[in-house]
Amino acid sequence: VHNQLKMEASKMTKRLLRAISHPITTILGHPTNRRLLKRDPSNYDFEKILEACKKHHVAIELNWHPERMDIHK
């Protein structure tokens with residue numbers, strides 16, 4: 001995800017879904033990719049990502065560092 005942060009929403013969603021469904025994936029780290037005053041959040045279907053994480057038993061990191069604010073999404 002990090003090398004194409006500004007990818008179109010449907011493509012980013014598809015990319016994340018593929019990663020989440022991979023058997024080695026156990027956690028989705030800082031899911032928004034946001035960094036306040038430095039980088040806007042990635043654009044994707046957050047609800048689909050949450051459902052996929054639930055289905056595949058993938059944890060989601062909620063990073064509440066002031067620069068991240070992942071919970072706000």
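Only heavy atoms go into these numbers, but all of them, side chains included; no hydrogens, no water, no symmetry mates. Computed from a predicted structure; not experimentally measured.
Remark: Glu51 engages no residue in a side-chain hydrogen bond (donor to acceptor under 3.5 Å, both in side chains) (not counting sequence neighbours). When the side-chain contact (heavy atoms from CB on, under 4.5 Å) test is applied to Ile49, the partners found at least two apart in sequence or on another chain are Thr13, Leu16, Leu17, Ile20, Leu28, Tyr44, Cys53. Contacts of Leu50 classified as side-chain contact (heavy atoms from CB on, under 4.5 Å), with partners at least two apart in sequence or in another chain: Phe46, Glu47, Ile60.
Across every non-hydrogen atom of Glu8 and Ser10, the tightest pair is OE2-OG, 2.7 Å.
Judged by distance alone, the side chain of His22 and the main-chain N or O of Ile24 form a donor-acceptor pair under 3.5 Å.
Here NZ of Lys48 is found 10.5 Å from NZ of Lys14. Values are rounded to the nearest 0.5 Å.
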